[in-house]
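Atoms within a ligand are numbered from 1 in the order they appear, just like the ligands themselves. Treat the numbers as computed from the prediction; the structure is a model and nothing was measured.
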Amino acid sequence: ESISVKDLASKLGREVSEVIKKLMLLGIMASINQEVDFETASILASEFGTSVEELPPEEDPTEIPEIEDDPKDLVYRHPVVTVMGHVDHGKTSLLDTIRQTNVTAQEAGGITQHIGAYQVMCQGKKIVFLDTPGHEAFTAMRARGAQVTDIAILVVAADDGVMPQTIEAINHAKSAQVPIIVAINKIDREGANPDRVKQQLSEHGLIPEDWGGDTIMVPVSAHKKTGLNELLEMVLLVAEMLDLKANPNRAAYGTIIEAKLDKGRGVVATVLVQKGTLRIGDSIIAGTAFGKVRAMINDRSEKVKKAEPSAPVEVLGLAEVPQAGDNLVAVDEKTARIVAEKRLAKKRTEEQKQSQKVSLDELFKQIQEGNLKDLNIIVKADVQGSIEALQQSLVNLQNKEVRVNIIHAGVGAINESDVMLASTSNGLIIGFNVRPDGNARKAAENENIDIRTYRVIYDAINDVEAAINGMLAPEL
Ligand code: GDP
């Protein structure tokens with residue numbers, strides 16, 4: 001999606017200097033090897049009276065291509081709701097009350113089990129609640145690219161008002177472009193002041209409808225069970241406006257809500273199906289885990305044979321525990337296996353990159369790659385005077401690219417705790433007239449920590465300086 005000035009010039013059949021001149025006229029100072037983005041390239045091409053075409057993005061072997069749905073295949077699906085808000089404002093109570101009054105009462109005798117999500121009925125329509133309250137779960141899933149929530153219910157206690165996590169929740173919902181319905185909770189409490197809550201929320205951009213804004217705010221009490229029906233009706237109203245749709249007649253696509261390893265049942269993953277229908281026997285992949293759907297259980301502990309869009313189900317049959325937020329796709333067995341392998345390989349290299357510890361030999365490489373901005377050093381020496389001299393000289397080596405931090409300095413042999421410190425802080429150890437003891441040596445080997453020992457201060461400083469500047473002779 002970007003091209004160098006040189007390549008662009010040759011593609012356009014022009015001199016590089018001509019292209020650079022045109023770029024300058026567009027206000028872009030570019031050198032011959034500089035990359036320009038697609039937009040710039042196309043503006044430039046039109047300046048020269050031609051056009052450029054964007055290449056289709058290369059297929060990523062760790063991704064399963066998305067199925068495009070024909071709009072005419074889309075049908076209504078139930079809304080999925082997350083409850084957010086400040087701690088102690090009543091998220092859990094609200095979820096519990098809604099569940100009790102709208103599930104158990106109607107499904108007489110039905111024992112609901114916790115599967116991370118449940119469905120309730122209102123006016124003959126279903127609403128799906130994700131029952132891990134709080135925006136942590138919401139953000140964790142979003143961080144993995146998953147968006148499962150259609151509507152956020154923001155719980156604000158009427159006697160406490162807007163608090164820091166209320167504001168966080170508002171910001172999370174806004175950035176995910178998820179509409180917010182406010183539940184002003186605990187209105188049964190003495191000191192409850194819904195108007196004050198409305199006032200405070202208005203200051204954060206949520207203006208109540210009765211004040212001319214467009215945010216629905218419903219006074220409720222989770223304890224007294226008041227306002228809950230109205231709240232659910234409002235959810236359905238907003239859902240209607242969102243015109244939520246999905247195609248149930250295709251391979252399933254969903255998101256892992258939670259997953260665990262159960263002693264008796266193996267890997268148990270709660271999946272929210274978002275598109276298509278998941279069936280027993282489907283071969284599936286989620287993250288690096290794959291397998292076949294062996295059994296499915298809904299939120300009322302009933303075995304089911306299929307799960308349609310917006311249905312949360314427990315899925316048995318994955319070979320490995322996936323992570324919350326992973327997407328789950330039904331795909332043929334071979335693809336599932338191959339893509340899972342590719343993902344695993346990718347994950348391994350990423351992990352390796354992360355665990356790469358600093359060693360003097362590869363210091364410069366890491367600095368150059370921009371992976372290292374702080375060089376953490378632990379200094380051990382035989383006498384205090386040497387420590388001070390070393391410390392000062394080492395810090396003086398820092399430049400614009402790297403900052404040198406002496407994170408620990410002490411008199412005595414290099415011990416295991418020095419190594420552990422180096423390991424957690426990605427640092428290296430310099431010993432002057434001291435050696436590592438046996439435990440330290442073993443730990444350093446395990447943790448992959450570079451320990452350098454010197455008898456001349458100048459040599460130590462020289463080595464670190466050479467490493468920072470990329471001139472360290474490789475160790476033989
Ligand atoms: P969470 O941290 O947001 O999940 O809040 P909880 O549901 O744990 O509730 C915090 C406290 O507020 C608990 O002691 C609840 O009993 C109480 N609480 C929740 N809802 C109401 C309500 O509607 N009225 C009253 N009076 N107390 C409530």
Side-chain angles (χ1 to χ4, degrees), residues 79-105 112-120 122 127-142 148-176 178-201 204 206 208 210 215-235 238 257-258 270 272 299 312 324-325:
V80 180
V81 177
T82 299
V83 175
M84 303 201 260
H86 195 74
V87 64
D88 278 348
H89 279 197
K91 298 180 293 293
T92 315
S93 308
L94 196 68
L95 277 164
D96 287 349
T97 316
I98 288 174
R99 180 177 198 156
Q100 283 160 18
T101 47
N102 293 276
V103 181
T104 343
T112 56
Q113 63 156 352
H114 170 90
I115 69 164
Y118 62 85
Q119 296 183 315
V120 303
C122 175
I127 301 171
V128 183
F129 277 86
L130 299 184
D131 76 353
T132 20
H135 52 260
E136 290 80 6
F138 182 80
T139 349
M141 285 211 244
R142 274 196 75 217
V148 293
T149 304
D150 299 310
I151 297 166
I153 291 184
L154 178 67
V155 180
V156 188
D159 59 342
D160 203 21
V162 169
M163 297 303 267
Q165 284 168 291
T166 316
I167 298 165
E168 274 175 45
I170 294 173
N171 293 334
H172 284 298
K174 274 190 182 161
S175 81
V178 170
I180 297 172
I181 295 176
V182 177
I184 304 178
N185 190 30
K186 306 196 191 183
I187 51 158
D188 57 293
R189 279 240 173 121
E190 221 175 290
N193 188 347
D195 273 344
R196 192 176 64 115
V197 172
K198 288 181 184 175
Q199 178 60 46
Q200 292 171 329
L201 287 170
H204 290 94
L206 299 183
D210 45 338
T215 305
I216 298 171
M217 301 196 184
V218 187
V220 301
S221 162
H223 273 192
K224 296 268 188 285
K225 304 184 182 176
T226 43
L228 300 182
N229 263 332
E230 198 191 342
L231 181 65
L232 297 182
E233 280 163 21
M234 289 304 137
V235 169
V238 173
I257 304 297
E258 53 180 55
T270 298
L272 181 80
D299 56 327

Asks: With heavy atoms of Val87 as the reference, note each atom of ligand 1 found under 4.0 Å away.
Replies: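 Here the atoms of ligand 1 in question are 2 (O).
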
Asks: Check whether any side-chain heavy atom of Ile181 sits under 4.5 Å from a side-chain heavy atom of Val81, and report yes or no.
Replies: no

Asks: Going by the atom numbers of ligand 1, which of them fall below 4.0 Å from some non-hydrogen atom of Ser221?
Replies: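 Contacts of ligand 1 toward Ser221, numbered from 1: 23 (O).
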
Asks: Give the numbers and elements of all ligand 1 atoms closer than 4.0 Å to a heavy atom of Ala222.
Replies: 20 (N), 22 (C), 23 (O)

Asks: Closest approach of Leu94 and Leu231, non-hydrogen atoms and distance?
Replies: CD2-CD2, 4.1 Å

Asks: Relative to the heavy atoms of His86, which atoms of ligand 1 are at a distance of less than 4.0 Å?
Replies: 3 (O)

Asks: Check for me whether Lys224 has a heavy atom closer than 4.0 Å to any atom of ligand 1.
Replies: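 Contact absent.
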
Asks: Using a strict cut-off of 4.0 Å, indicate which atoms of ligand 1 neighbour a heavy atom of Ser93.
Replies: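 Near Ser93, the atoms of ligand 1 are 6 (P), 7 (O), 9 (O), 15 (C), 19 (C), 20 (N).
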
Asks: Relative to ligand 1, is Asp188 under 4.0 angstrom through side chain, backbone, both or neither, heavy atoms considered?
Replies: side chain

Asks: Looking just at side-chain N and O atoms, do Asn185 and His89 make a donor-acceptor pair shorter than 3.5 Å?
Replies: no

Asks: Please give me the minimum heavy-atom distance between Ile257 and Ala324, naming the atom from each residue.
Replies: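 Taking every non-hydrogen atom into account, O-CB, 3.4 Å.
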
Asks: Take Lys198 and Asp210 through the salt bridge (Lys or Arg N to Asp or Glu O under 4.0 Å) test and state the conclusion after the steps.
Replies: CA-CA 10 Å; Lys198 288 181 184 175; Asp210 45 338; 2.8 Å; yes

Asks: Would you say Pro79 and Val238 make side-chain contact, with heavy atoms under 4.5 Å?
Replies: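 They are not in contact (no side-chain heavy atoms under 4.5 Å apart), so the answer is no.
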
Asks: Applying a 4.0 Å heavy-atom criterion (strictly less than), which segment of Lys186 is in contact with ligand 1: side chain, backbone, both, or neither?
Replies: both

Asks: Name the option, out of Asp96, Leu94, Asp88, Asp159, that contains the heavy atom nearest to atom 1 (P) of ligand 1.
Replies: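 It is Asp88 that holds the nearest heavy atom.
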
Asks: Taking NZ, NE, NH1 and NH2 as the nitrogens, is one of them in Asp131 or Arg99 under 4.0 Å from a carboxylate oxygen of the other?
Replies: yes

